[in-house]
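Have a look at the structure below, then the notes.
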Amino acid sequence: MLRIANALETQLRGAMQRAFPEAWTEAGEAGLDPQLAPASKPEFGDFQANGALPLAKPLKQAPRQIATAIVEQLQADAAFTQLCLEPQIAGPGFINLTIRPERLAAEVASRLGDERLGVPPVQGAAPVVVDFSSPNIAKEMHVGHLRSTIIGDSLARVLEFRGHPVLRLNHVGDWGTQFGMLITHLKQVAPDALETADAIDLGDLVAFYREAKKRFDDDEAFQTTSREEVVKLQGGDPLSLKAWGLLCDQSRREFQKIYDRLDIRLSERGESFYNPFLPAVIDGLKQVGLLVTDDGAECVFLEGVSGKDGKPLPVIVQKSDGGFNYATTDLAAIRYRFAAAPDGDAARRVIYVTDSGQANHFVGVFQVAERAGWIPDGSRLEHVPFGLVQGEDGKKLKTRAGDTVRLRDLLDEAVERAEADLRSRLQDEERSEPENFINHVASTVGLAAVKYADLSQNRITNYQFSFDRMLALQGNTAPYLLYALVRIAGIARKGGDLDASTAQLQFSEPQEWALVRELLRFDAVIAEVEEELLPNRLCSYLFELSQVFNRFYDQVPVLKAGPDALPSRLALCRLSADTLKTGLGLLGISTLERM
RNA sequence: GGGGCUGUAGCUCAGCUGGAUAGAGCGACGGUUUCCUAAACCGUAGGUCGUGGGUUCAAGUCCCGCCAGCCCCGCCA
């Protein structure tokens, strides 16, 4: 419907200009705004134009009179009358617009053979960086990584669908002081590993990390060795680097299991990647005169952000011991991502998907990058924050024992619960299915439920995690959406040829028209998600589409329809399936034929 | 103390550039199956949109104050 909306916008502007030439001229370059918006209710048609209301005062006319004048001009426009039925003036002066049925049917027809479902591809797109997931080496992925990973992946998918070249970057924590203790511990417990390739399987990295941490806390000699090890690592000592590489490889393999399971593709580019560029960050800041030495640390003081004592807050880019910190790395990353190749990604949009607790940090770092002139004109640097994952008690999600919830346990439990649900349903319905069917459905439904529950909520608010709610078979959940697709697949199995060519579409039932209108919203929804980076908008849409489809399915027969109606109804089924499948795909959710 | 986010139905949440009588799901109550998977559909009840001002033809939405909850605040990321 975006094309139609654009056409209407132009026609409305033309009509307003002709109706009120003087006001138009006074309004300046932009002219008058028709305030075109989707109709707030179905009975108002497809669109509403509210632009008459604000003109009442300046024109000293009744708003309905103004609306009437605009409508008269619209009716004189042949392009408009071919597109719309006669406009209705309602309420205080809203202009309600209804698209001609044949134009809606034509839009549906044009989408039937279109893989993009009416979504226009971007032209001459520059790279977009989506920085997400970002676990720490030598630690396990836990519930804290869930939202970044799922939301980031979905945003990347939407941007890719639009045609942007997307760099999905995993900014893993693969550098820093904790490696001193890890390497020291590794060298002591598994010296063989450094000599022979694959000599040892580190096994449980979490346990390994815990042991190293315990020794670091308890043993002073170990502490000293660890500190020396950090210096050796940073100095490029080959053996230290080798130990570091082993730890990273091991972690990488563990992360990859989760990513494979979630069907998420990521390019690892950890913090260490930016090491060679850190000194240049300091030099660059010095050159533009932003750098200030304070308490021995190199800082940039922020504008408009003050601390406890009312003094400006600093971003520390070089510690008093000469070391760099995360702000330095983030600045180097920003610089690299916007810079031209070969030492840069030439991105024009850089998106960080991290929890909202880091908002302050990003405000500071972004301001420094901006003032240093590292953000090219016309490009965007965005923090996409999200809230905490909470348990049903409203507190931060923990296991019963009070530990952090491991991501793989969380996914396992979702799949197990989905399987138990499925088995009990099969029993109730006296259905029998092979084990591989049960495993496949349980796994698809379980993972879909986890992803959808997260994505369907506005990411800014905290998210209350509940297996029971996300796996519920009714309501705004993954199983409900998957079921709508299963119903369509059922029609195809029972003899409905969804790919049959349909020369002319004709619809008679209100449920058909409701479905048509819902299907045609897809392009606008994608445009909105691309702009606002809110996947829950796509979820809401897919849920509403499923509801409208289920109503249609329930109340309008497809396979038993007469020969006049059958092809058109099959076409609606096909487009519904394509839209749902594509939409769920953009959420990173795979679909089922039967469940 | 400063900053950020949040506050909408019993519960979990939508609410896009301010627009018509504030929406959905769950839960509650009632109904629908010789028919494409009832994991569905239809209906009923339920809200002073935290609070007090302000701007506007029009405020859940914008501005200011206050209250409550969560998060962040110099050398961790």
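Lettering of chains follows the sequences in order, A, B, ..., and the numbering in each one begins at 1.
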State whether the distance check finds a donor on one side and an acceptor on the other, under 3.5 Å, for side chain [X] versus base [N].
{"X": "A/Asn550", "N": "B/A39", "result": "no"}
{"X": "A/Tyr483", "N": "B/A39", "result": "no"}
{"X": "A/Gln48", "N": "B/A20", "result": "yes"}
{"X": "A/Asp554", "N": "B/C41", "result": "no"}

Seminar exercise, completed: Here the distance between atom C1' of B/G4 and atom NE2 of A/His383, to the nearest Å, is 11 Å

Counting the atoms with a prime plus P, OP1 and OP2 as sugar-phosphate, which does [X] contact under 4.0 Å by heavy atoms, base, sugar-phosphate, or nothing?
{"X": "A/Ala90", "value": "base"}
{"X": "A/Ile89", "value": "nothing"}
{"X": "A/Ile460", "value": "sugar-phosphate"}
{"X": "A/Gln464", "value": "sugar-phosphate"}
{"X": "A/Pro314", "value": "base"}
{"X": "A/Glu532", "value": "nothing"}
{"X": "A/Asn462", "value": "sugar-phosphate"}
{"X": "A/Ala297", "value": "base"}
{"X": "A/Tyr553", "value": "base"}
{"X": "A/Asn458", "value": "sugar-phosphate"}
{"X": "A/Arg425", "value": "base"}
{"X": "A/Gly490", "value": "sugar-phosphate"}
{"X": "A/Ser356", "value": "nothing"}
{"X": "A/Asn96", "value": "base"}

So, is [X] near the phosphate of [N], with a side-chain N or O under 4.0 Å from OP1 or OP2?
{"X": "A/Asn360", "N": "B/C71", "value": "no"}
{"X": "A/Gln474", "N": "B/A39", "value": "no"}
{"X": "A/Thr477", "N": "B/U12", "value": "no"}
{"X": "A/Tyr480", "N": "B/C41", "value": "yes"}
{"X": "A/Lys395", "N": "B/C70", "value": "no"}
{"X": "A/Gln390", "N": "B/U12", "value": "no"}
{"X": "A/Arg569", "N": "B/C36", "value": "no"}
{"X": "A/Lys319", "N": "B/C76", "value": "yes"}

For this session: Answer with yes or no whether the side chains of A/Tyr480 and A/Asn550 bring together a donor and an acceptor at under 3.5 Å.
Result: yes

For this session: Return the orientation label for the A/Trp244 and A/Phe179 ring planes: parallel under 30°, perpendicular over 60°, tilted otherwise.
Result: perpendicular

Exercise. A/Pro54 side chain: which of B/A77, B/G19, B/C75 is closest?
Worked result: B/G19

Exercise. Any stems for RNA chain B, made of 3 or more Watson-Crick or G-U pairs in a row, each with both distances under 3.5 Å?
Worked result: B:1-7 with B:67-73, B:10-13 with B:23-26, B:28-32 with B:40-44, B:50-54 with B:62-66

Problem set entry | Distance between C1' atoms of B/A9 and B/G25 (Å, rounded) | 12 Å

Please examine the side chains of [Y] and [X], heavy atoms only from C-beta on, and report whether any two atoms are closer than 4.5 Å.
{"X": "A/Arg147", "Y": "A/Phe465", "answer": "no"}
{"X": "A/Ile438", "Y": "A/Glu419", "answer": "yes"}
{"X": "A/Arg469", "Y": "A/Gln464", "answer": "yes"}

For this session: May I ask you to decide whether A/Asp217 forms a salt bridge with A/Lys213, counting only side-chain N to carboxylate O separations under 4.0 Å?
Result: yes

